[in-house]
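Each remark here refers to the structure printed beneath this line.
We're numbering straight along the sequence, starting at 1.
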Amino acid sequence: MSSLTPQASPMTVRPIEAAQTYALRHAVLWPNEPLSYVQLPDDIAGHHFGAFIDPKIDRDVNNDSKNDSGSDDRRDDCGSGELVSIISLFIDEKSGEARFRKFATAPDWQGRGVGSALLAHTIEAAATKGATSIWCDARQSALGFYRRFGMSGEGEVFFKGNVPYLRMSKALP
């Protein structure tokens with residue numbers, strides 16, 4: 001395991017295609033469901049972002065990203081980094097509400113600032129695109145993470161399958 005800190009990790013956040021989110025969505029969020037389970041009907045209307053780690057970073061951190069043929073399914077088309085975190089943003093222009101969904105970070109990169117950087121980018125993108133608020137359905141296990149971004153819980157806990165969730169939201173400047 002590498003001893004890299006988030007500050008030492010050359011990372012970029014950039015727009016990606018919806019299809020580029022599917023592998024991480026599936027592997028991290030719903031690995032026991034078919035891949036189609038993580039594909040959203042409105043993906044075509046979304047803004048999708050990915051966090052990429054410079055390929056020069058210690059490869060031992062992500063040995064499990066190799067498939068049976070030895071290639072890397074999370075390698076970006078340009079070869080300019082490994083996709084380690086993804087998020088999808090949907091904006092309702094009529095209401096001004098933005099919603100992010102299917103936010104996932106590869107397990108080896110969780111707790112290292114990558115997801116925080118990606119969420120901060122997404123919140124800023126929503127505000128730049130005219131959204132006045134942002135919300136998500138947060139897994140109960142991640143509520144503290146979202147609270148650090150100024151999000152507050154709304155309503156009651158509900159379940160998707162056997163996973164408890166709570167709607168979290170915040171106003172945007």
Side-chain angles (χ1 to χ4, degrees), residues 1-2 4 6 9 11 13-53 55 57-77 81-90 98-123 126 134-149 151 153-169:
M1 181 67 71
S2 173
L4 292 173
S9 301
M11 181 193 69
V13 173
R14 60 182 178 268
I16 59 175
E17 297 295 321
Q20 290 176 276
T21 70
Y22 298 156
L24 268 176
R25 282 181 183 180
H26 185 248
V28 175
L29 300 175
W30 298 102
N32 297 323
E33 298 292 341
L35 183 64
S36 61
Y37 191 79
V38 300
Q39 298 170 349
L40 302 172
D42 55 350
D43 269 339
I44 195 158
H47 305 274
H48 309 278
F49 301 104
F52 293 83
I53 299 296
I57 297 301
D58 182 356
R59 298 302 304 157
D60 290 341
V61 172
N62 290 303
N63 280 338
D64 65 345
S65 67
K66 302 290 184 195
N67 66 23
D68 292 339
S69 67
S71 67
D72 193 331
D73 288 334
R74 294 188 309 223
R75 180 78 36 207
D76 149 87
D77 289 340
E82 182 177 354
L83 180 61
V84 299
S85 188
I86 52 88
I87 195 167
S88 297
L89 175 67
F90 302 90
R99 178 185 187 188
F100 62 90
R101 301 185 70 183
K102 307 299 183 193
F103 179 23
T105 301
D108 287 343
W109 289 95
Q110 291 176 8
R112 303 179 71 175
V114 175
S116 292
L118 183 57
L119 182 55
H121 176 89
T122 303
I123 292 169
I134 192 164
W135 66 280
C136 71
D137 288 338
R139 288 183 179 213
Q140 195 170 35
S141 61
L143 297 181
F145 174 78
Y146 295 111
R147 285 187 182 112
R148 288 194 297 273
F149 285 87
M151 299 184 80
E154 296 180 3
E156 300 296 321
V157 171
F158 61 94
F159 288 82
K160 293 181 183 179
N162 61 355
V163 180
Y165 284 81
L166 181 66
R167 181 175 169 154
M168 302 280 292
S169 67

Closest heavy-atom contact between Ala138 and Leu143?
CB-CD2, 3.9 Å
Any side-chain heavy-atom pair from Leu40 and Arg25 closer than 4.5 angstrom?
yes
Ignoring hydrogens, what is the shortest heavy-atom contact between Val13 and Leu118? Give both atom names and the distance.
CG1-CD1, 3.6 Å
Under a 4.0 Å threshold between the charged nitrogen and the carboxylate oxygen, would Asp137 count as salt-bridged to Arg99?
yes
Approximate separation, where rounding is to 0.5 Å, of Arg148 CZ and Ser116 OG:
6.0 Å
Under the criterion ring-ring contact (aromatic ring centres under 6.0 Å, His included), which of Phe90, Tyr146, Phe49 is the partner of Phe100?
Tyr146
Atom SG of Cys136 and atom CD1 of Ile87: how far apart are they, to the nearest 0.5 Å?
8.0 Å
Could you grab the distance from atom CZ of Phe149 to atom CE of Met168, nearest 0.5 Å is fine?
11.0 Å
Please check this pair: side chain of Ser85 against backbone of Ala104, looking for a donor-acceptor N/O pair closer than 3.5 Å.
yes
What distance do Phe52 atom CZ and Gln20 atom CD have between them, rounded to the nearest 0.5 Å?
5.5 Å
Around atom CD of Glu156, are there more than 12 heavy atoms from other residues, nucleotides or ligands closer than 6.0 Å?
no
Locate the shortest heavy-atom distance separating Leu89 from Ala98; write the atom from each residue and the value.
CD1-CB, 3.9 Å
Can you find a pair of side-chain heavy atoms, one from Thr21 and one from Lys102, that are under 4.5 Å apart?
no
Given 3.5 Å as the limit, does a donor-acceptor pair link the side chain of Arg139 with the main chain of Leu29, or not?
yes
Any chance CD of Glu33 has more than 12 other-residue heavy atoms, nucleotides or ligands included, within less than 6.0 Å?
yes
To the nearest 0.5 Å, how far apart are NE2 in His48 and OG1 in Thr122?
11.5 Å
Side chains of Arg112 and Val84: closer than 4.5 Å at any heavy-atom pair?
no
If you compare all heavy atoms of Pro107 against all heavy atoms of Val28, which two are closest, and at what distance to 0.1 Å?
CD-CG2, 4.1 Å
Trp109 side chain reached by Met11 side chain, heavy atoms, under 4.5 Å
no
So, for Gln110 and Thr105, which heavy atoms are closest and what is the spacing to 0.1 Å?
NE2-O, 2.7 Å
Are the side chain of His26 and the backbone N or O of Ser36 linked by a donor-acceptor pair below 3.5 Å?
no
Can you label the angle between the Phe103 ring and the Phe145 ring as parallel, tilted or perpendicular, going by 30° and 60°?
tilted
What are the two closest non-hydrogen atoms of Asp43 and Ala18, and how far apart are they?
CB-CB, 3.8 Å
